[in-house]
Chemist: 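I am attaching a structure below and will ask some questions about it afterwards.
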Amino acid sequence: MHVMTTAPPSLPVSAPAPLWARRAAHAIALCAVPSGLWRIAMASGVHVGYSEQVLRDVFDIPGWGIAYVVGLSVLAELGSLFPLLLVSDRWRPLRPRAMTRVAWTASAALVLVALWQLVVAFTVESQTYMSSDTAQTVWAFLFAPLFAIPALMTSVTWSYAKRHREPGRA
């Protein structure tokens, strides 16, 4: 009978995330909520500023558009929970440097998407389909928090990368 007498090597312990990084990670999760609730209200048939014809012809609601809009809301909220993993003390990735690369890639993608949305909003002559200026203002207030996510994600990623650097690197 062979008995193992040595303990397996433990994962390296990193410093806990600073309070500002934890708050930023939670803020990211909260930034996605207003737009998600707006989309779910739209899918549920609540008047959110679109006419019945626009909902039917453009968004296919009722129809497959409901699955798309609700699915987009769920995916956005799940994605906004990712930064909470970067500040968690309970969850430790087996390969923290690989997770750092994933986090930096996500941050870069979020910055590019936000810049693209600004370019589209200010340069493309797009149809809005909104039935009133009030509806468009409400829509803007509900979707505006999404533009805070790239900066917040970059700061959380920077904090994570700083805490998980290789030993000896300053």
Chemist: Restricting to non-hydrogen atoms, name the atom on Ser159 and the atom on Trp20 that form the minimum distance, rounded to 0.1 Å.
Modeler: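 Looking at all heavy atoms of both residues, the closest pair is CB-CH2, 3.7 Å.
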
Chemist: Which atom pair, heavy atoms only, marks the closest approach of Ala161 to Thr100?
Modeler: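 Ala161 and Thr100 have their closest heavy atoms at CB-CG2, 3.5 Å.
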
Chemist: Do you know which two heavy atoms are closest between Pro145 and Pro34, and how far apart they sit?
Modeler: CG-CG, 4.4 Å

Chemist: What pairs of residues pass the salt bridge (charged side-chain N to carboxylate O under 4.0 Å, His left out) test when at least one of them lies in residues 22-48, not counting sequence neighbours?
Modeler: Arg22-Asp89

Chemist: Taking C-beta and beyond as the side chain, do Cys31 and Leu152 meet within less than 4.5 Å on heavy atoms?
Modeler: yes

Chemist: Spell out, yes or no, whether Leu142 and Ile40 are grouped together once hydrophobic residues are joined by side-chain heavy atoms under 4.5 Å, including indirect joins.
Modeler: no

Chemist: Mark yes when over 12 heavy atoms from residues, nucleotides or ligands other than Phe147 sit less than 6.0 Å from its CZ; otherwise mark no.
Modeler: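 Yes, enclosed.
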
Chemist: Please report the interatomic distance CZ(Arg165) to OH(Tyr160), rounded to the nearest 0.5 Å.
Modeler: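 The CZ atom of Arg165 sits 13.5 Å away from the OH atom of Tyr160.
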
Chemist: Tell me whether Ser88 contacts the main-chain N or O of Leu85 through its side chain, where contact means a donor paired with an acceptor under 3.5 Å.
Modeler: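 Judged by distance alone, no pair lies under 3.5 Å.
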
Chemist: Is the side chain of Thr105 donor-acceptor paired with the backbone N or O of Arg101 at a distance under 3.5 Å, no angle test?
Modeler: yes

Chemist: Could you state whether Ile149 and Leu78 fall into the same hydrophobic cluster, counting links through intermediate Ile, Leu, Val, Met, Phe, Trp or Tyr residues with side-chain heavy atoms under 4.5 angstrom apart?
Modeler: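 In one cluster with Ile149: Leu78, yes.
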
Chemist: State the CZ-OH distance between Arg56 and Tyr50, to the nearest 0.5 angstrom.
Modeler: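 Going from CZ on Arg56 over to OH on Tyr50, the span is 15.5 Å.
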
Chemist: Any link between Val33 and Val48 through a network of hydrophobic side chains (Ile, Leu, Val, Met, Phe, Trp, Tyr) touching at under 4.5 Å?
Modeler: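 Not linked; separate clusters.
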
Chemist: Keeping Ser107 on the side-chain end and Ala103 on the backbone end, is there a donor-acceptor pair under 3.5 Å?
Modeler: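 Confirmed, Ser107 side chain pairs with Ala103 backbone.
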
Chemist: With rounding to the nearest 0.5 Å, note down the distance linking CG in Leu86 to CE in Met99.
Modeler: 7.0 Å

Chemist: Measure the CD1-CG distance between Ile28 and Leu146 for me, rounded to the nearest 0.5 Å.
Modeler: 11.5 Å

Chemist: Which atom pair, heavy atoms only, marks the closest approach of Ser35 to Ala32?
Modeler: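 Smallest heavy-atom distance, with atoms named: OG-O, 3.3 Å.
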
Chemist: Using atom types as modelled, flag every donor-acceptor pair under 3.5 Å from a side chain in residues 58-72 to any protein atom, sequence neighbours excluded.
Modeler:
| residue | atom | partner | partner atom | Å |
| --- | --- | --- | --- | --- |
| Asp60 | OD2 | Trp64 | N | 3.3 |

Chemist: If you look at every heavy atom in Val156 and Ala24, which pair is closest and at what distance?
Modeler: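 Shortest heavy-atom contact: CG2-CB, 3.6 Å.
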
Chemist: With sequence neighbours left out, write down each residue that passes ring pair (Phe, Tyr, Trp, His ring centres under 6.0 Å) with Phe143, or none if nothing qualifies.
Modeler: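 Once residues adjacent in sequence are excluded, the partners of Phe143 under the ring pair (Phe, Tyr, Trp, His ring centres under 6.0 Å) criterion are Trp38, Trp139.
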
Chemist: Is Met42 reachable from Val74 through a run of I, L, V, M, F, W or Y residues, each pair having side-chain heavy atoms under 4.5 Å apart?
Modeler: yes

Chemist: Can you hop from Val113 to Leu81 via hydrophobic side chains spaced under 4.5 Å?
Modeler: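 Shared cluster, no.
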
